[in-house]
Amino acid sequence: MHDDTNLTVGRATRVLNERVSPAAYSSTVPLSVSAHALTGEPITPEEGLTLEFTPFEVDSAWGPAWGTTWFKLTGSVPAEWAGRRVEARVDLGFDTNMTGFQCEALVYRADGSPVKSINPRNQWIPIADAAEGDEPVELYLEAASNPVLLDYHPFLPTQEGDIETSSPEPLYRARRMELAVFEPEVFELSLDLEVLLGLQAELPASEPRRMHILQALDNALDRLDLQHIVETASEARAQLRDVLDSPADASSHRIAAIGHAHIDSAWLWPLRETIRKVARTASSMTELIDRDPDFLYGMSSAQQYEWIKQHRPEVYARVKDAVEHGRFLPLGGMWVESDTVMPTGESLARQFAYGQRFFEREFGVRSKGVWLPDSFGYSPALPQLMRRAGFEWFFTQKISWNQRNVFPHHSFLWEGIDGSRVFTHFPPMDTYSSELSGAEVAKSSRQFRENRVASRSIAPVGWGDGGGGTTREMTGKARRLANLEGSARVAWQHPDDFFDEARAELTDPAVWVGELYLELHRGTLTSQHATKAGNRRAEQALIEAELWAATAAVREGFAYPYDEIDRLWKLLLLHQFHDILPGTSIAWVHREAAAALAGVVSDAQAIAADARRTLVGEGNRELVFSPSSVAGPVPLGAAPAAASAPAVSLTERDGGFVLANEQVSIVVSREGLITSAIDAATGRDAIPQGMAANLLQLHQDFPNMWDAWDIDRFYRNRVDDLRGVESLSATVTDGVAHVTVERTFSQSSVRQTISLAPGAKTVVLRSEIDWHETEKLLKLAFPLDVHAANTEAETQFGFHARPTHVNTSWEAAKFETSMHRFVLVREPDFGVALVNDSVYGYDTTRDSTDAGVTTTVRLSLLRAPRFPDPETDHGTHVITTGLVVGADPQSATAAGIEMNAPATAVMGAREVQPVVSVTGDGIVISSVKLADDHSGDVIVRAYESLGRRASGRLDVGFRNGGVREVSLIEDDVDGARTGVDLSLTPFEVRTLRITR
Ligand SMILES: [Zn+2]
C-alpha cells in the first residue's frame, strides 16, 4: 500500500482550519454598538453601565494604551433562530497568539451581573442555549486596551509600559460584534479532528494505531460535504467514533489536569489591571464550571481572591459558590506567588500565614500544598518553612527553564538546609499553561523521569501570565483524552488527590538536597534596586513595629495596632510577587512599588516610634533601643548607651590613609581601594598581597533575551575597573574615621565613604551612586586571601554553602548566586564576610598563585537593562556594604543583622526590659509579636543560625501562663513541646506561644 500519511494530515489540517472551524457558527446578524472611552483609571461596573454612550462603527479604531472603553451592544435574536443555540461573537482586534498580553474585556448584563470575559482565544458570549426568537439582547463590555509589550520582536525598549509615558493613539480596531447561531456538532467535529491530528503526530511512523487514525480521518473527510458542513458533520463524526472510543493502554501515563491561569499579580501590566484580569478570568471559569460537570479550576494567591471580593463582588459571589461546591480550588496557601529567594524567613512565614488565614476565613479550607509554578529559583530554607507551616506538598515547573542542566526528577523529596523534606512535583509537560495539545500530552509521558516506578503527573491547563484560563476547547479535548489509545489519560483532579496518589505509588522517591537553583534569570537578584532596597527596609521596619508594639502592649498596655500591621504586611507581601521584587515588571509597577514600600516603612516606623515613646515615657535620659537579639546593651530592650571604645586612628600614608582600631587595621590606597585589612586577633591580612578590594567594576551586560531577568555568562569578558579618583579625603567624626572617595565614570558618578567605628570589626562602605548607564552591570569586588572551599550565603533562617569551584556543569551554571545580609568565606580558623543593606546577588571566583588559593567575591550593585523598563535604575542609589575581617558564621550573622537593624536612641524616663531574651550560642530571635488571633499572647520565633546543634533557653520577662510550641503560622501542633528549653537542631526554626 502506498504511504499517504502526509496527504491525509495535510487534508485534515486544511479542512479543519479553513472549513470546519469557521462553520461552528452558521447565521449571523450584526449588533448595534455604542461606546464610551475612558483614558484614566477604571471605574466600577455601576458607573460604567450609566455612562453616556455614542455610536461606534465596528472596524473603527479604539483604545489608547491603558485606557478602558465601555461598549454597549444591543440587538435582537431573529425569530427564525428559535430553538437554536445563540451566542454573541466579539473580536476587539485580537491577535490569537497574545492571550493575556492584549486587549480583553469583562461582559456584563444590563443588571450589572457578570457573564464571562472575552480575550483572543475566547471570543464568545452565551445568549441562549435554545433561543425563543425575538428576545432582546443588551450587553456591556468593560474593555481594557492594554498595550502589547512582548510581541513578535520581543524585548525591544518601549515607553508604553507606564501610563505617564505611553502614547495616546488608539491601539486596536474592532472587527466583529454580532449575534450568531452556534453549531455544537460542528464544534465537536473540530475537536475530534484536532485531538486525532495531535495524537497521530506523536505516534511512531507506521504504527498500526497511527494508520487506523489516518484512515478514519480520510473516511470522515470523505463523508463531509464542504458546502454543507452543518448537515454532514454528524456523518463525518460517526467515522471517527471507533478510533476515539478505543481505550488507552493499561500502562499509559496519567495526567491530573487542573484548570488554571497563572496570573502574574503585576508584570507587563500594573497592579490595578491585575485586579481586573483576575475578575475576568474568574468570571469565565465559573461560567465554564457551570457548563462542564467534570471541570475543576485552581487559583492561587489569597490576594487575588481579596481583589475580586473588594472590586468585583458579583464575580466573587460566583467564585465563592464554586469553591463551596469543590469546583473552584484555592491553591498554594500564600498571599501571592512570591519570590522565595530574596524575602526573609519572616516574610515567607507571613506569606503562608496571611494566605492560609484568608482561605480559612473565606472558604473554611486550608491549602495542603505550596503552588509556585513560576518564581525564579527556590530557597533551600523552603522545605522546613513549608513543613512547619503545615504544608504537605510543593509544586513548581520553573526549573525546566534551566539553560544547561536537565533536572533529574519530576516527583521527588526536596530536602532543605535543616534536613526537612517535602514531596515535590514538577510537571514533565514543562508548562504552567497547557492547551492539552497532542505534543504536550505526549511530552508528559515521554519526559516523565519516574516512568520506571510511577505513572502520574500534573498539567495546569489554561492561558496564563496575563490570564484567560481554561477554554471550552480545552475541556473538550480533556474529554476525548480521558481514555484514548496511544495517549496519556487525562482526568480533572484536585492537586491534593494527585499528590496523595503520587506519593502512594512512589514508595522510595529520590532526594534532592539544597537549593532549586534556576539556571536563568540571574539578573533578578539585582534589577530595580529601589524595589529591593524598599523591600529590605520594609521587612525590618515591620519586625521592629511588631517588636516594640508587643513590648509596649505587655509592659504598658499599649493598644497593639493589629489591623494596621496586617495592612502593612499585606502590602509588603504583595510587592514580593515574583515579577515585582525580582525587578522584572514595567516602569509603572516599579514606580508604584517604590512609593508603596516607602509608605510601609514610614507607617511601620510610626508604629514603632509610638510604642517606644510609650515604653520610655517623658524624660531626658538618652535610651538606646536594640531591635535585635544579637546586639546592644539590652537586646530587644532599651538602656543607656554603653561607653564607647577609643577613637579610631587615622593616618596618611603614600597618598592614601590607614584606619585602625583595636580590632582591625585598614589601608586605603590613593586610588581609594582597600589594599590591606589586618585582623588584630590573628594578624592575618584579608586582602591578598598586591591586590585591591572595594574595586568597582563596570561590565557590558546585554543578554540574549529577557533583559531585566538575565545575565549571560559572557558579560564577564568585557570589564572596566573604575580606579579613577576625582577626590580623596578623610576625617574623624565622633571617633569614627571616614575616607571619602569620589569617582566619575561613563555617564555616572559615585561618592563612597569608607568608615571604621570604634571597636568595630566591620569596615562600612557607603556608596552613593548616581547611575545613568545603559546595559551595564556594576560589581563591587573583594579579592580575599582565603582558601575557601565554599561561600556561605545567608538565606532564610540560616545560610547555605556553594562550592567555589566549577568542576561540574551544575556549579558552572551558578555564576551568579543569591545572598541575604551576608556572604562568608573561610578557612577553619579565619574568615572574611561581606555584609550589605540591599544587595542580593554575588559571584565568586577562585584563583591560584604561588602564594596559594585566593577567593574573590563580587557583589552585584546595579544593572541597566532596557526591557521592560527602558530606564531601569536610572537615578541615585545608596548601597551600604561592609567588610568583616576575621569573621565566622556567628559574627557574620551578627554583622549582617546590625547593618540592617541599627539601634535607635530615644529621650525618655525609663529603661525597657525585654519581654523575652535568649541564651544559647547561635540562637537568634527573628520575631516578637502578638498572636494573630488577637488573644494578646506573645509569639516568639527563634532559629539556630550556625548550622550546628544549640542548647539554650528562652527567658520570659513577664508574668505568663506558660510557653508552648506552635506552627510557623501559629496553629496548635500535635505533640507540641512546652516550656522554655530551646535545644535546636542545625538551622531549626521554632515558633513559641507565650500565654498571657
Ligand atoms: Zn509568573
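The shown structure was predicted, so the numbers you read here are calculated from the model rather than taken from an experiment. For the numbers below, each heavy atom of this structure counts, side chains included, while hydrogens, waters and symmetry mates do not. All ligand and atom numbering here is 1-based and tracks the order in the structure.
F499 does not carry R456 over the face of its six-membered ring by the limits of under 6.0 Å from the centre and within 45° of the normal.
Below 30°, between 30° and 60°, or above 60°: for F407 and F412 the angle between ring planes is between 30° and 60°, a tilted geometry.
Among residues at least two apart or in separate chains, salt bridge (Lys or Arg N to Asp or Glu O under 4.0 Å) pairs with a member in residues 279-289 are E104-R280, E273-R280, E287-R291.
The OG atom of S838 lies 10.5 Å from the CG atom of N535; values are rounded to the nearest 0.5 Å.
A salt bridge links K398 to D374: one of the charged nitrogens lies within less than 4.0 Å of a carboxylate oxygen. In summary, R404 and E519 do not engage in a salt bridge, as defined by a charged side-chain N under 4.0 Å from a carboxylate O.
Protein N/O/S atoms closer than 2.8 Å to the Zn ion (ligand 1): H262 NE2, D264 OD1, D374 OD2, H578 NE2.
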